[in-house]
Amino acid sequence: MKKLEIDFYKQDAVTVAQKLLGKTLVRKWEDGTESRYQITETEAYLGEEDLACHASKGRTPRTEILYHEGSHIYVYLIYGMYWMLNVVTGEENYPQAVLIRGIDKIIGSGKVGRELKIDKSLYGENLITSERIWIENAEDIDDFEKAPRVGIDYAGDEWKNKLWRFFIKVKK
DNA sequence: TGCACGATCTCG
DNA sequence: GAGATCGTGCAT
């Protein structure tokens with residue numbers, strides 16, 4: 001399949017989060033081998049006014065990449081041990097990102113970070129030009145579930161109740 | 001310069 | 001149900 005192009009990432013985070021479901025995440029290792037995963041769960045973080053989005057605290061060295069245009073990668077260390085993998089979306093100066101929470105059978109952003117060996121060296125990587133990580137196109141998934149986002153109790157009711165978490169419905 | 005806290009997981 | 005473990009942001 002073909003790599004996703006810049007136009008895909010320039011859409012808003014909520015749209016991209018839904019469309020990323022079912023797409024193929026490709027990780028190329030140091031030794032030249034590749035691993036491929038189907039994206040099964042995502043969450044959207046949209047703009048400075050979204051209190052759950054890291055950019056709500058303003059532009060800092062850490063969140064800088066969120067202000068760039070879509071297709072960049074935002075990695076973030078949480079609880080001192082887990083690297084979260086995020087895809088920056090939208091136009092420049094409009095901070096948005098999609099958190100990858102699940103790939104294949106690996107559900108949980110901490111596990112994803114470990115599986116993909118995500119670390120600071122991937123911060124700011126570009127999904128279109130990178131030789132180490134990119135996303136390939138696949139058929140859109142229409143049959144998915146929505147739910148409130150996880151672990152953002154501090155964001156306040158208005159934001160924490162938004163159904164911006166998306167995951168593929170498990171087939172019986 | 002210091003400190004409290006978090007988009008989590010694993011183990012007991 | 002608590003601990004592991006550390007970069008970041010904000011208060012001193």
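Each chain gets a letter, A, B and so on, in the order its sequence line appears, and its residues count up from 1.
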With a 4.0 Å cutoff (strictly under), does any side-chain N or O of [X] reach OP1 or OP2 of [N]?
X	N	value
A:R114	B:dT10	yes
A:Y154	B:dA7	yes
A:S109	B:dA7	no

Qualifying residues under ring-ring contact (aromatic ring centres under 6.0 Å, His included), relative to A:Y76, sequence neighbours excluded =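 ring-ring contact (aromatic ring centres under 6.0 Å, His included) check on A:Y76 returns A:H54.
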What is the separation between atom [atom1] on [X] and atom [atom2] on [N], rounded to the nearest whole Å?
X	N	atom1	atom2	answer
A:I118	B:dT8	CD1	C1'	15 Å
A:R149	B:dA7	CZ	P	11 Å
A:I78	B:dC9	CD1	C1'	12 Å
A:R59	C:dG9	CZ	C1'	17 Å
A:N86	B:dA7	CG	P	11 Å
A:Y45	B:dG6	OH	C1'	12 Å
A:Y76	B:dG6	OH	P	9 Å
A:E41	B:dA7	CD	C1'	12 Å

Describe the nucleic acid contact of [X] in one word from base, sugar-phosphate, nothing, applying a heavy-atom distance below 4.0 Å.
X	result
A:K120	sugar-phosphate
A:G80	base
A:L99	base
A:R101	sugar-phosphate

Does a side chain donor of either A:S56 or A:E48 reach within less than 3.5 Å of an acceptor in the other side chain?
-> no
Flag for A:Y9-A:Q11: side-chain donor and acceptor within less than 3.5 Å = no
Any ion pair linking A:E5 and A:K3 (charged N to carboxylate O, less than 4.0 Å)?
->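 So A:K3 does not pair with A:E5 through a salt bridge.
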Lys/Arg-Asp/Glu bridge criterion (N-O < 4.0 Å) met for A:R114, A:D119 = no
Answer yes if A:I6 and A:L4 sit in the same cluster of Ile, Leu, Val, Met, Phe, Trp and Tyr residues linked by side chain heavy atoms under 4.5 Å apart, and no otherwise.
-> yes
When A:Y37 is tested against each of A:K23, A:R27, A:E115, A:K105 for side chain to side chain donor-acceptor pair (under 3.5 Å), which residue passes?
->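 Among A:K23, A:R27, A:E115, A:K105, the one that satisfies the side chain to side chain donor-acceptor pair (under 3.5 Å) with A:Y37 is A:E115.
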Residue met sooner reading DNA chain C from 5', once A:K57 and A:M81 are mapped to nucleotides = A:M81
For B:dA4 versus C:dG3, give the span between their P atoms, rounded off to a whole number of Å.
-> 16 Å
Expressed as a whole number of Å, how far does the P atom of C:dT5 sit from that of B:dG2?
->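 About 22 Å, rounded to a whole number of Å.
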Residue A:R62, side-chain heavy atoms: nucleotide from B:dC9, B:dA7, C:dG9 that is nearest = C:dG9
Taking the side chain of A:L77 as its heavy atoms from C-beta onward, which of B:dC9, C:dG7, B:dA7 lies nearest to it?
-> C:dG7
Within 45° cone of A:W29 ring axis and under 6.0 Å: A:K117 NZ or CZ | yes
With pairs defined as Watson-Crick or G-U wobble and both distances under 3.5 angstrom, please note down DNA chain B as a dot-bracket string, | for pairing with another strand.
-> ||||||.||||.
